[in-house]
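Here's the structure we're looking at; comments come further down.
Keep in mind the model is a prediction, meaning the values are calculated, not measured.
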Amino acid sequence: SNLLLCTLPVFLPLDTCFSQELKYERKTNVIYILADDLGIGDLGCYGQKYIKTPAIDSLAAKGMLFAQHYSGSTVSAPSRCSLMTGKHTGHAYIRGNKGVKSADGDTYDFPLADKEITVGEIMRQNGYATACIGKWGMGGPGSEGHPNKQGFDYFFGYLGQANAHRYFPDFLYENEEKLHLNKKLYSHDLIMDKALAFIDKNSDKPFFLYLSPTIPHADIILPDNSADEYEGMFDERPHIGTHYVSQAKPKATYAAMVTRLDRGVQQIVNMLRTKGILDNTIIIFTSDNGTHTEGGHTPENLNSNGPFRGMKRDLYEGGIRTPFIVQWPEKIASGSVSFHVSAFWDFLPTMCDLVGSPVPVDVDGISFLPELTKRGEQPQHDFLYWEFHERKGKQAILKNNWKLIRLKADIPEESYYELYNLSADPSEQMNVALQCEDKLKELQILLDKSHTKSDIYPFAYELLE
C-alpha cells in the first residue's frame, strides 16, 4: 500500500538518525494474539470457573487486565479491519463479512484496499520483521488484500474465513502458495508451530507477530475427538451437525479447545524466555468478538459471556466487549487493572506511538501507550461507535457509559432505539429510551454523524436515496 511517510537517505547509518532512547524504544517486540469467537467469560481472569486458562491468567497477573475493551465489530472481517486500520466501522473499508470468488475457484473475503494503511505496513516500515499467522479474512490469493501486500513479510494459515470453519482443512496458504493438507492435520497445531518458528527465527531483531488462531470458533472438534481433562465433567447434549460437524460432547470439547489455546500461549511465553526476550516483548491477548452459539456451544452453560447480555452478531456488550490483556515486563506493573475505555481501532495509533511514527490522518483510534507505561496523559475517547450489516442492520454508540443501540437500521420506518446506562446496568436489562429523551436525542445525533456512507456496505435505506 502507498505509505506516504518520509524515508531516510540510504547512505546514513541508522544509529546517527535516532537518539539512544528512541533506538531502545524501537526494539520492543510485539505479539498480538487474537482468538476467534472467545467470550470474555471464557477466561479465568475474567471469572471463568470451569475452563482452565493458567497461561492467559498469568499474562493478566503479570501485566494489565482491561475491564472495558471493545472489539472492532461483532463478527470477524470488520473487526479485523478495524484492528489493522485504526478505524471504527462507521469509516472502515470493510464493515461486514462478504464473500467473493477467487481465481482458484474458492470463496474468500472482500479484499482490503491497497490504499488502506495497516499496522503491518507501519511496523515493517519501522524496521520490524512482520508475520500474520492464523486467520486473515481480508482478501484471498492474488488480491490487493492479501497479507503479503498489506505489510506482512510472512503469512501462514487461512486466507478466507469460510475455510477457517474447518480444523482439518483441505488446504492452507503459506504466503501465496496453496498447501494441500487433505483434511489430515489439525490446523491449530500447525499455526502454533509456525508462530514459534517465526519467533525463533527472528528473536535477534525487532518483530511484530499478529497471531490469529481460530479457536474456539466452530467446528467444535479436537484431534482424536478427545476432550482431554474435561471428559465427563458436563451434562452433555450432543450436537447433530448440518453446517458444523456433529459433536457428542460439545461442552467438554469447547472447554478443552480453550485450554489448548491457552497451552499455545504458554509455549510462546516459554520460547520468549528461552530466547532472552520476554521482558522486551509486548504480548496482547484478546478476541475478535463475543462468544458464539454454533456447533453445539452453549454460552450459558459455561458462562462464556460473563455477566453480559448478547453474543456474536449482537451490539449488546456480550457481542463486542472482549477480554484484553497486555503483558510487558519492562513497563507494566504486575497485576494492573485498567478502567480506560478502549477499542480495536486504538491498536494502530498505539503502535505508531511505540515506534515513533506519525499516525495516518483519518484514524478513529487513540494510543493507549500512556495507560500501559503510566507516562504522560492518557487521552480519552469522546465516544465509541459500531455498525453491523446483518439482521436488518444495527448501530450502537457509547459515550460516558451511556449506550444507545439502534435496531432494524436498514428499515427506517421500523427502526427503534434502546438506551442503557452501563455504569448502573452493565448487563443491559433496563431500556430507558422512553425515560431519558434528552440523552436519547444527544446520542442519536452523534450516531448519525459517526456513519459515513459506504458503497460496499450500504444500509438498505441508502440504496433508495
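- Note that CG of Asp438 and CG of Leu440 are 9.5 Å apart. Values are rounded to the nearest 0.5 Å.
- Two rings, from Tyr244 and His165, have their centers less than 6.0 Å apart.
- For Arg124 and Glu121, the salt-bridge test fails: no basic side-chain N is under 4.0 Å from an acidic carboxylate O.
- Residues forming a side chain to side chain donor-acceptor pair (under 3.5 Å) with Asp353 (at least two apart in sequence, or on another chain): Ser367.
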Quick one, Lys374 with Ser336, criterion side-chain hydrogen bond (donor to acceptor under 3.5 Å, both in side chains). Give me CA distance, side-chain angles, the key distance, then yes/no. CA-CA 11 Å; Lys374 297 300 177 199; Ser336 312; over 6 Å; no

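- A donor-acceptor pair under 3.5 Å is absent between the side-chain atoms of Asn421 and the main chain of Asp425, judged by distance alone.
- The closest donor-acceptor contact from the side chain of Asp346 to the backbone of Ala343 lies under 3.5 Å.
- Between the side chain of Tyr70 and the backbone N or O of Leu384, no donor-acceptor pair lies under 3.5 Å.
- The closest side-chain heavy-atom distance from Leu419 to Leu443 is below 4.5 Å.
- At most 12 non-hydrogen atoms from other residues, nucleotides or ligands lie less than 6.0 angstrom from CD of Glu437.
- The backbone N or O of Met138 lies less than 3.5 Å from no partner atom in the side chain of Gln161, so there is not a single donor-acceptor pair.
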For a quick test of your reading: what N or O donor-acceptor pairs under 3.5 Å do the side chains of residues 38-46 make, sequence neighbours left out?
| from | atom 1 | to | atom 2 | distance (Å) |
| --- | --- | --- | --- | --- |
| Asp42 | OD1 | Ser304 | OG | 2.6 |
| Asp42 | OD2 | Gly39 | N | 2.8 |
| Asp42 | OD2 | Tyr254 | OH | 2.6 |
| Tyr46 | OH | Phe66 | O | 2.7 |
| Tyr46 | OH | Phe324 | N | 3.0 |
| Tyr46 | OH | Phe324 | O | 3.2 |

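- With salt bridges taken as basic N to acidic carboxylate O contacts below 4.0 Å, one links Glu390 and Arg313.
- Residues that satisfy the side chain to side chain contact (heavy atoms under 4.5 Å, CB included) test with Lys101, not counting sequence neighbours, are Thr107.
- At distances below 3.5 Å, not a single donor-acceptor pair connects side-chain atoms of Ser58 with backbone N or O atoms of Pro54.
- A salt bridge links Arg80 with Asp288: the distance from a Lys NZ or Arg NE/NH1/NH2 to an Asp or Glu carboxylate oxygen falls below 4.0 Å.
- Relative orientation of the His69 and Phe344 rings is tilted, given thresholds of 30° and 60° on the angle between their planes.
- Counting only residues at least two apart or on different chains, no ring-ring contact (aromatic ring centres under 6.0 Å, His included) pair has a member in residues 409-442.
- Other residues, nucleotides and ligands contribute more than 12 heavy atoms inside 6.0 Å of the NZ atom of Lys453.
- Here the side chain of Asp262 pairs a donor or acceptor atom with the backbone of Ala55 at under 3.5 angstrom.
- Between Asp410 and Lys392, no side-chain nitrogen of the basic residue sits less than 4.0 Å from a carboxylate oxygen of the acidic one, so the salt-bridge criterion is not met.
- Residues Thr130 and Gly151 share a closest heavy-atom pair of OG1-O, 2.7 Å.
- Within the 3.5 Å criterion, the main-chain N or O of Met123 finds no donor-acceptor partner in the side chain of Asn126.
- No more than 12 heavy atoms of other residues, nucleotides or ligands sit less than 6.0 Å from atom NZ of Lys449.
- Side chain of His239 to main chain of Ile220: no donor-acceptor pair is present (N/O by atom type, distance under 3.5 Å, no hydrogens or angles).
- Remark: the backbone N or O of Pro78 is not paired with any side-chain donor or acceptor of Ser82 at under 3.5 angstrom.
- Ring pair Tyr93/Phe110 is tilted by interplanar angle, where 30° to 60° counts as tilted.
- A distance of 7.5 Å separates OG in Ser76 from CG in Leu34, rounded to the nearest 0.5 Å.
- Taking 4.0 Å as the cut-off between side-chain N and carboxylate O, Arg309 and Glu428 do not count as a salt-bridged pair.
- Partners of Asp104 under the side chain to side chain contact (heavy atoms under 4.5 Å, CB included) rule, at least two apart in sequence or in another chain, are Ser102, Asp106, Tyr108, Pro141, Tyr173, Lys178.
- Heavy atoms of other residues, nucleotides or ligands lying less than 6.0 angstrom from CD of Glu413 number more than 12.
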Would you check, one step at a time, whether the test side-chain hydrogen bond (donor to acceptor under 3.5 Å, both in side chains) holds for Glu418 with Asn431? CA-CA 6 Å; Glu418 293 178 2; Asn431 174 13; 4.9 Å; no

Going through the checks in order, is the side-chain hydrogen bond (donor to acceptor under 3.5 Å, both in side chains) test met by Asn29 and Asn280? CA-CA 6 Å; Asn29 305 308; Asn280 191 35; 5.6 Å; no

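- Salt-bridge formation is detected for the pair Arg95/Glu387: a Lys NZ or Arg NE/NH1/NH2 atom is positioned less than 4.0 Å from an Asp or Glu carboxylate oxygen.
- For Tyr32 and Phe347, the gap between ring centers is short of 6.0 Å.
- Using a cut-off of 4.0 Å between Lys/Arg side-chain N and Asp/Glu carboxylate O, Lys87 and Asp362 are scored as salt-bridged.
- The shortest non-hydrogen separation linking Ser73 to Thr89 is CB-CG2, 4.2 Å.
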ring-ring contact (aromatic ring centres under 6.0 Å, His included), that's the test. Do His389 and Phe459 meet it? Break it down for me. CA-CA 7 Å; His389 293 265; Phe459 283 117; 4.3 Å; yes

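- Side-chain atoms of Gln429 come within 3.5 Å of backbone atoms of Ser427 as a donor-acceptor pair (strictly under, hydrogens ignored).
- What you find for Phe308 and Gly318 is that their closest heavy atoms are CB-N, 3.6 Å.
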Salt bridge (Lys or Arg N to Asp or Glu O under 4.0 Å) between Asp114 and Lys149: does it pass, once the steps are laid out? CA-CA 8 Å; Asp114 184 49; Lys149 294 187 183 140; over 6 Å; no

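- Across Leu348 and Thr118, no two heavy atoms sit closer than the pair CD1-C, 4.0 Å.
- With salt bridges taken as basic N to acidic carboxylate O contacts below 4.0 Å, none links Lys98 and Asp109.
- A 6.0 Å sphere centred on CG of Leu464 holds more than 12 heavy atoms belonging to other residues, nucleotides or ligands.
- The aromatic rings of Trp136 and Tyr210 sit perpendicular, their planes meeting at an angle over 60°, well past the 30° parallel limit.
- Residues satisfying the side chain to side chain contact (heavy atoms under 4.5 Å, CB included) criterion with Val269, sequence neighbours excluded, are Leu59, Gln266, Arg273, Leu278, Ile283.
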Under the criterion side-chain hydrogen bond (donor to acceptor under 3.5 Å, both in side chains), I'd like the reasoning laid out for Glu462 against His451: C-alpha separation, chi angles, the key distance, then a yes or no. CA-CA 12 Å; Glu462 292 176 312; His451 165 77; 2.6 Å; yes

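- Taking both residues in full, the closest heavy atoms of Val363 and Gly86 are given as CB-O, 3.3 Å, listed atom of the first, atom of the second, then distance.
- The pair Glu174-Lys194 counts as a salt bridge, with a side-chain nitrogen and a carboxylate oxygen less than 4.0 angstrom apart.
- When Gln378, Gln68, Glu371 are each tested for a side chain to side chain donor-acceptor pair (under 3.5 Å) with Ser338, only one passes: Glu371.
- Pairing each heavy atom of Leu302 with each of Lys251, the nearest pair is CD1-O, 4.1 Å.
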